[in-house]
Amino acid sequence: MSDLPTAAAGTSKDAGRPLLELVDVEAGYGRAALVLRGLTVRVPAASIVCLVGPNGAGKSTVLKVASGMLTPRSGKILVDGKDVTRNGAQDMIKAGLSHVLQGHSVFKEMTVAENVGLGAYTVRDKAVIAERTDFVKTLFPIVAERWGDLAGALSGGQQKQVEFARSLMVSPKVVLLDEPSMGLDPKRTSAMFEQVVRMRDAGIAVLLVEQNARRALETADIGCVLDLGRVHITGPAPELLADPRLGELYLGGRPSTSSSTSAPASAGSGATS
Ligand SMILES: Nc1ncnc2c1ncn2[C@@H]1O[C@H](COP(=O)(O)OP(=O)(O)OP(=O)(O)O)[C@@H](O)[C@H]1O
């Protein structure tokens, strides 16, 4: 797409190189039982990897571990090959990860410009901030059009674009999106997924968690089906869409992985192909 700006981390020569790797991760909350039980996910450069699965499978927990909000009990997290397993949230941002949380998080009484600017609070260099501002305004035209307006005057889908723009101000290598379709009607959900594709096409890798499994898999390059804190099935998203085990899982069954047509999850290989 020629009208898109390109992020430094994701030029086409990098395609396929894993930018984010969670390897054999175990994690949980306090003294409670483990939520993630040996989970492996790889997010290649310039790709959308989508985590789907039933309620409570651990999808949001994967994003919390990746963004440093929750420290894993074991396993490794690598960003661009560098071990960042013990990083806290601020150091994960420096390493190249940006997390867009579930729900709406714009400050409605502040302008779009002020909301986007908050994303750059860790950036000191004014030239970098100016470059990033141009980048997000080009990527999300509505952000440029409504720059001086109060964020609360925008529609839900437009506010989501403001959140996306804010997350890109730190020049992330990988953006973590937690249920971005939440609260959006079908038309706005489609528009939102188009914006996710624009991010990918601009060279930013995306790890996406979605309840709306079918719609998300139609958008993603790679799908990972989580169940009971592990990746149960993974592979190219179009193949997963056609896999009857996806339906079985959502209907409450526990599908067998023995007749796997896509790579077994523990190897994480589907996400690197
Ligand atoms: N802050 C927390 N403290 C304790 N337990 C938690 C916390 N957050 C999540 N959990 C538990 O971890 C498990 C996985 O939750 P998580 O939110 O990761 O699942 P999910 O797959 O994203 O679910 P959903 O699709 O319903 O959002 C659940 O059993 C949940 O109750």
Side-chain angles (χ1 to χ4, degrees), residues 20-43 48-77 85 87-90 92 97-105 156 160 163 167 174-186 189 192-193 196 206-220 222-235 237 240-241 243 245-255 257 265-266 268 270-271:
L20 171 64
E21 299 172 83
L22 290 90
V23 184
D24 218 7
V25 165
E26 293 189 334
Y29 298 89
R31 290 167 186 266
L34 286 173
V35 173
L36 304 183
R37 303 156 187 262
L39 170 135
T40 294
V41 169
R42 292 190 171 88
V43 183
I48 301 170
V49 176
C50 167
L51 305 179
V52 298
N55 291 122
K59 303 180 297 293
S60 294
T61 302
V62 174
L63 299 193
K64 288 181 198 165
V65 167
S67 66
M69 288 168 68
L70 183 66
T71 305
R73 294 191 197 162
S74 64
K76 274 190 191 301
I77 307 171
T85 310
N87 275 14
Q90 284 302 323
M92 281 300 193
L97 295 176
S98 193
H99 191 178
V100 180
L101 298 168
Q102 214 176 89
H104 291 288
S105 67
K160 191 47 79 179
E163 291 179 52
S167 77
V174 183
V175 175
L176 312 168
L177 302 181
D178 198 349
E179 306 229 6
S181 74
M182 186 182 273
L184 301 182
D185 63 27
T189 294
M192 180 280 298
F193 278 121
V196 175
V206 178
L207 179 57
L208 170 72
V209 161
E210 262 295 336
Q211 286 279 357
N212 191 340
R214 178 156 296 279
R215 191 65 192 78
L217 287 170
E218 283 166 3
T219 303
I222 294 160
C224 300
V225 183
L226 262 65
D227 189 30
L228 304 176
R230 308 187 70 166
V231 179
H232 214 67
I233 318 167
T234 184
L240 278 194
L241 267 174
D243 191 321
R245 291 173 297 168
L246 191 69
E248 282 177 51
L249 194 61
Y250 278 98
L251 290 172
R254 294 270 176 255
T257 51
S266 55

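Numbering of ligands and ligand atoms starts at 1, following listing order.
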Q. For atom 10 (N) of ligand 1, what's the nearest protein heavy atom and its distance?
A. Y29 CE1, 3.4 Å
Q: Look at E26 together with R73 and state whether they make a salt bridge at an N to O cut-off of under 4.0 Å.
A: no
Q: For atom 19 (O) of ligand 1, grab the closest protein heavy atom and report residue, atom and distance to one decimal in Å.
A: G58 N, 3.3 Å
Q. Are R230 and L226 side-chain neighbours, meaning at least one heavy-atom pair lies under 4.5 Å?
A. no
Q.
Taking the side chain as everything from C-beta on, heavy atoms only, tell me whether V174 gets closer than 4.5 Å to V206.
A. no
Q. Quick one: does N87's side chain get under 4.5 Å of I77's, heavy atoms only?
A. no
Q: Check ligand 1 against P54 and write out every atom of the ligand that is under 4.0 Å from a heavy-atom position of the residue.
A: 21 (O)
Q: Measure from atom 30 (C) of ligand 1 to the protein's non-hydrogen atoms and state whether any distance is below 4.0 Å.
A: no
Q) With side chains defined as the heavy atoms from C-beta onward, is the minimum distance between L246 and I233 less than 4.5 Å? A) no
(Q) Under a 4.0 angstrom heavy-atom cut-off, which atoms of ligand 1 come close to V35? (A) 12 (O), 13 (C), 14 (C)
(Q) Does ligand 1 come near enough to G53 that some N or O of the ligand is less than 3.5 Å from an N or O of the residue? (A) no
Q. Can you find a protein heavy atom under 4.0 Å from atom 25 (O) of ligand 1?
A. yes
Q.
Which of the numbered atoms in ligand 1 are under 4.0 angstrom from any heavy atom belonging to E179?
A. 25 (O), 27 (O)
Q | Proximal atoms of ligand 1 relative to K64 (non-hydrogen, under 4.0 Å) | A | 8 (N)
Q: Measure the shortest side-chain to side-chain distance between Q211 and S181 over non-hydrogen atoms and say whether it is less than 4.5 angstrom.
A: no
**Q.** Closest protein heavy atom (residue, atom, distance) for atom 16 (P) of ligand 1
**A.** T61 OG1, 3.6 Å
Q) So is S60 polar-close to ligand 1, meaning N/O to N/O under 3.5 Å? A) yes
Q: May I ask you to test the C224-V49 pair for a side-chain heavy-atom distance under 4.5 Å?
A: yes
Q.
I need the E179 CD to L184 CG distance, nearest 0.5 Å.
A. 11.5 Å
Q: Look only at interatomic distance and state if G56 has a nitrogen or oxygen under 3.5 Å from any nitrogen or oxygen of ligand 1.
A: yes
